[in-house]
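The analysis underlying the following values was restricted to heavy atoms, covering all of them including side chains, and did not include hydrogens, waters or symmetry mates.
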Amino acid sequence: MKDRSKKVLDELPDVVDIFSSLIKAGLSLDEAIKYVSSNYEGEISKLFKLAQTKIFGGYGKKEAYYNIARLSFCNDFKTVIKILIQSDIVGNPIKDILRDLSKVIRNNQRDLLKMKAERLENNLVIVIFIFIFIPMLLLFLLPVFPQLKILF
């Protein structure tokens, strides 16, 4: 579950860029999805293949896409699917929305990496304190312990 979510999240900005480029080149949304599912290797491609199978099996397009959004376990992918479905229903120009969405997803991933790096830095300070500061303190106080023993 977590593994799939991470794979989908890693692939998502690139796939959204591909969708944007394909739609800008003149393909419809359905043709772009078929192109990605047949020519792109990855977790998102597998999910779109599953959606196509469900559509051929009698599901509605909306139901099939919401189903793969749930199976992805990735909130950003769910957002992309919702945008794709709503743009298909309303008829908005999706290419600009997808390009901007790709930038937002990349920025979110960069911010998440920054937060992880800050947590790592905090953990490093703790490790330095435990394994360097405390032993150094003990080394400096070791000669003083016998003198304290004499006083008491």
Side-chain angles (χ1 to χ4, degrees), residues 1-140:
M1 179 168 78
K2 242 183 183 179
D3 189 40
R4 176 179 267 181
S5 173
K6 182 165 177 18
K7 286 180 184 177
V8 169
L9 190 60
D10 289 343
E11 296 173 12
L12 193 57
D14 296 331
V15 171
V16 171
D17 283 339
I18 292 170
F19 278 144
S20 177
S21 298
L22 291 171
I23 292 170
K24 200 178 289 185
L27 271 64
S28 69
L29 180 61
D30 292 332
E31 291 170 337
I33 289 173
K34 286 178 187 175
Y35 182 85
V36 167
S37 66
S38 61
N39 295 318
Y40 184 79
E41 292 296 323
E43 201 65 34
I44 292 177
S45 174
K46 292 176 188 175
L47 289 170
F48 280 120
K49 285 177 187 175
L50 180 65
Q52 288 177 339
T53 305
K54 288 191 177 288
I55 290 170
F56 291 138
Y59 280 85
K61 191 186 305 185
K62 185 177 177 180
E63 294 170 325
Y65 290 145
Y66 279 143
N67 191 7
I68 65 168
R70 279 192 309 274
L71 290 175
S72 71
F73 303 108
C74 177
N75 290 329
D76 289 339
F77 185 70
K78 291 176 185 177
T79 303
V80 170
I81 291 296
K82 287 178 185 177
I83 289 171
L84 291 176
I85 290 171
Q86 289 174 359
S87 70
D88 194 35
I89 293 171
V90 176
N92 287 340
I94 190 72
K95 60 185 174 194
D96 298 329
I97 295 170
L98 288 176
R99 187 185 62 231
D100 294 339
L101 183 62
S102 173
K103 289 178 186 175
V104 168
I105 292 170
R106 287 182 198 279
N107 288 338
N108 287 346
Q109 287 179 347
R110 187 186 69 231
D111 293 343
L112 185 63
L113 285 174
K114 284 182 182 178
M115 288 176 17
K116 285 183 180 180
E118 288 174 1
R119 275 188 266 145
L120 183 63
E121 185 179 305
N122 291 339
N123 290 340
L124 186 60
V125 168
I126 293 171
V127 168
I128 288 173
F129 181 77
I130 291 173
F131 290 107
I132 294 177
F133 182 70
I134 293 176
M136 292 299 281
L137 188 65
L138 287 175
L139 284 175
F140 287 124

To the closest 0.5 Å, what do you measure between CD1 (Ile97) and CZ (Phe19)? 14.5 Å

Under 6.0 Å from the CZ atom of Phe73, do we count more than 12 heavy atoms belonging to anything else shown? yes

Phe129/Ile134 under side chain to side chain contact (heavy atoms under 4.5 Å, CB included): CA gap, chis, key distance, verdict: CA-CA 6 Å; Phe129 181 77; Ile134 293 176; 3.8 Å; yes

Hey, could you give me the CD1/SG distance between Ile44 and Cys74, rounded to the nearest 0.5 Å? 7.5 Å

I'd like to check the salt bridge (charged side-chain N to carboxylate O under 4.0 Å, His left out) partners of Lys103; sequence neighbours left out, ordered by chain and number. none

In Å, rounded to the nearest 0.5 Å, how long is the span from CD1 of Ile23 to OG of Ser87? 7.0 Å

When you check the side-chain N and O atoms of Arg110 and Asn107, is any donor under 3.5 Å from an acceptor? yes

Atom pair CD1/OG of Ile33 and Ser38 - distance to nearest 0.5 Å: 12.0 Å

Nearest heavy-atom neighbours spanning Gly60 and Ile55: O-CG1, 4.3 Å

Any side-chain heavy atom of Leu9 sitting closer than 4.5 Å to one from Phe77? no

Strictly below 4.0 Å, N to O, side chains only: are Asp30 and Lys34 in salt-bridge contact? no

Residues passing the side chain to side chain donor-acceptor pair (under 3.5 Å) test with Lys6, sequence neighbours excluded, are Asp10

Mind checking whether Lys46 and Glu43 have side chains closer than 4.5 Å, heavy atoms only? yes

Can you check whether Asp17's main-chain N or O pairs, donor with acceptor, with Ser21's side chain at less than 3.5 Å? yes

Could you tell me the separation between the CG atom of Leu84 and the CD1 atom of Ile94, rounded to the nearest 0.5 Å? 5.5 Å

Heavy atoms of Lys49 and Ser37 approach each other most closely as CE-O, 2.6 Å

Taking side chain as C-beta onward, heavy atoms only, is Phe48 less than 4.5 Å from Tyr65? yes

Could you work out, with side chain to side chain contact (heavy atoms under 4.5 Å, CB included) as the rule, every residue matching Lys62, not counting sequence neighbours? Tyr66, Ile85

For the atom pair CG (Leu47) and CG (Leu71), what is the distance rounded to the nearest 0.5 Å? 6.5 Å

Go through it in stages, so that I can follow the logic: the residues are Glu63 and Lys54, the test is salt bridge (Lys or Arg N to Asp or Glu O under 4.0 Å), and I'd like the CA-CA distance, side-chain angles, deciding distance and then a yes or no. CA-CA 9 Å; Glu63 294 170 325; Lys54 288 191 177 288; over 6 Å; no

Heavy atoms of Ala64 and Ala51 approach each other most closely as CB-O, 3.7 Å

Heavy-atom pair of closest approach, residues Pro13 and Ser102: O-OG, 3.4 Å

The salt bridge (charged side-chain N to carboxylate O under 4.0 Å, His left out) partner of Arg106 among Asp76, Asp100, Asp14 is Asp14

Would you say that Ile105 contacts Val80 through its side chain, given a criterion of any heavy-atom pair below 4.5 Å between the two side chains? yes

For the pair Ser45 (side chain) and Tyr40 (backbone), establish whether a donor and an acceptor sit closer than 3.5 Å, ignoring hydrogens and angles. yes

